[in-house]
Amino acid sequence: MPVLFYDPAFVIAAVIAVVLVGLAKGGFSGLGALATPIMALTISPVLAAAILLPILIAQDVVSVWAFRKDWDKAIVAWMLPGALVGIALAYGLAASLSVSAIMAVLGVITLSFGAYRLWLERGGRIVAASNSPGWVGTLFGVATGFTSQIAHAGGPPFQMWVTPKKLPHVRFAGTSSVFFAIINLAKVPAFVALGEFDREGLTTALILMPLAIVSTLAGVWLVKRLRPERFYTLIYILMIALGVRLVWAAF
């Protein structure tokens, strides 16, 4: 049994983080950004990110299979090149980055965006879907890859470009699943090069894996049973809560 599991605080934080990531992989995109800050309350952020990456990849298998027939290829095609650039930038700047500062900025932007969208669609108002050009998605892809490499917090930038497009909620979940599955695989070489994987962390991830899979299936089950209008309202509320939590964790 890894030493970490003898610390009750770590066990509680790890369970909460894995469940949140599972729900995110099931379709509640953005929730996963809370996982690293929560685990970092009991261990170093670097170790938290290293433990979570194998778990994320296992959850990706479940979520991609669940949504394999319903995802937007154009969105993935536009965002992916930028995301790969963002991952490379984060790897290159790893030694000089202030994770707290990045999380604070991301938190403020996420909070503001979620509140703005809720206000825009208040009272059930119908807002036309965004038709911003693909190159804008590539720029958001850079931000997604960058923050994902730093702290598995790529959900908010992804949401900022994709949620205004008003995809059917299952297609939104499927697009998120496929996109982040590719990103998480792309992050592996950088984590290996930075020496962030060790036996203790990998064993811890393996023990948490069954909970990760169950929570992902639970997220898929919930998403497929939500009404579309409630899905997006819930996503915006979660973004506000996520923004507050990221700012709080940063300071």
Does [X] share a hydrophobic cluster with [Y], counting links as ILVMFWY side-chain heavy atoms below 4.5 Å and allowing steps through other members?
{"X": "Trp221", "Y": "Val18", "answer": "yes"}
{"X": "Leu211", "Y": "Val11", "answer": "yes"}
{"X": "Leu20", "Y": "Val214", "answer": "no"}

At what distance, to the nearest 0.5 angstrom, does [atom1] of [X] lie from [atom2] of [Y]?
{"X": "Ile55", "Y": "Asp60", "atom1": "CD1", "atom2": "CG", "result": "12.0 Å"}
{"X": "His169", "Y": "Thr163", "atom1": "NE2", "atom2": "OG1", "result": "15.0 Å"}
{"X": "Leu23", "Y": "Thr216", "atom1": "CG", "atom2": "OG1", "result": "8.0 Å"}
{"X": "Ile213", "Y": "Leu208", "atom1": "CD1", "atom2": "CG", "result": "11.5 Å"}
{"X": "Ser177", "Y": "Ile182", "atom1": "OG", "atom2": "CD1", "result": "11.0 Å"}
{"X": "Asp72", "Y": "Met79", "atom1": "CG", "atom2": "CE", "result": "11.5 Å"}

For Phe140, which of Thr138, Val142, Val136 qualifies under side-chain contact (heavy atoms from CB on, under 4.5 Å)?
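Per the side-chain contact (heavy atoms from CB on, under 4.5 Å) rule, the option paired with Phe140 is Val136, out of Thr138, Val142, Val136.
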
Does the side-chain contact (heavy atoms from CB on, under 4.5 Å) test come out yes or no for Phe10 and Met39, once each step is laid out?
CA-CA 7 Å; Phe10 168 77; Met39 288 184 70; 3.7 Å; yes

Working note: Ile75 + Leu167, criterion side-chain contact (heavy atoms from CB on, under 4.5 Å); need CA distance, chi angles, decisive distance, verdict.
CA-CA 11 Å; Ile75 288 175; Leu167 300 176; 3.7 Å; yes

Side chains of [X] and [Y] in contact at under 4.5 Å (non-hydrogen atoms):
{"X": "Leu202", "Y": "Pro54", "answer": "yes"}
{"X": "Ile57", "Y": "Val188", "answer": "yes"}
{"X": "Ile43", "Y": "Ile51", "answer": "yes"}
{"X": "Lys166", "Y": "Phe172", "answer": "no"}

Donor-acceptor check, side chain of Gln59 to backbone of Ala212, threshold 3.5 angstrom: yes or no?
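At least one qualifying donor-acceptor pair exists.
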
Please check this pair: side chain of Lys187 against backbone of Ser148, looking for a donor-acceptor N/O pair closer than 3.5 Å.
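Side chain of Lys187 to backbone of Ser148: a pair is present.
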
Over all atoms of both residues, closest heavy-atom pair of [X] and [Y]:
{"X": "Ile207", "Y": "Pro210", "answer": "O-CD, 3.3 Å"}
{"X": "Ala193", "Y": "Tyr91", "answer": "CB-OH, 3.6 Å"}
{"X": "Gly145", "Y": "Ile87", "answer": "O-CG1, 3.6 Å"}
{"X": "Gly154", "Y": "Thr144", "answer": "O-CG2, 3.3 Å"}
{"X": "Thr147", "Y": "Pro157", "answer": "OG1-CG, 3.8 Å"}

Take Phe158 and Phe179 through the ring-ring contact (aromatic ring centres under 6.0 Å, His included) test and state the conclusion after the steps.
CA-CA 9 Å; Phe158 172 85; Phe179 179 64; 5.5 Å; yes

Kindly indicate, with the supporting measurements, whether the criterion side-chain contact (heavy atoms from CB on, under 4.5 Å) is fulfilled by Phe67 and Val170.
CA-CA 8 Å; Phe67 295 111; Val170 173; 3.9 Å; yes

Surrounding CH2 of Trp71 (heavy atoms of other residues, nucleotides or ligands, distance under 6.0 Å), is the total greater than 12?
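For Trp71, atom CH2 is crowded (more than 12 foreign heavy atoms under 6.0 Å).
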
Intermediate values then yes/no, side-chain contact (heavy atoms from CB on, under 4.5 Å), Leu56 and Phe180
CA-CA 9 Å; Leu56 289 168; Phe180 282 102; over 6 Å; no

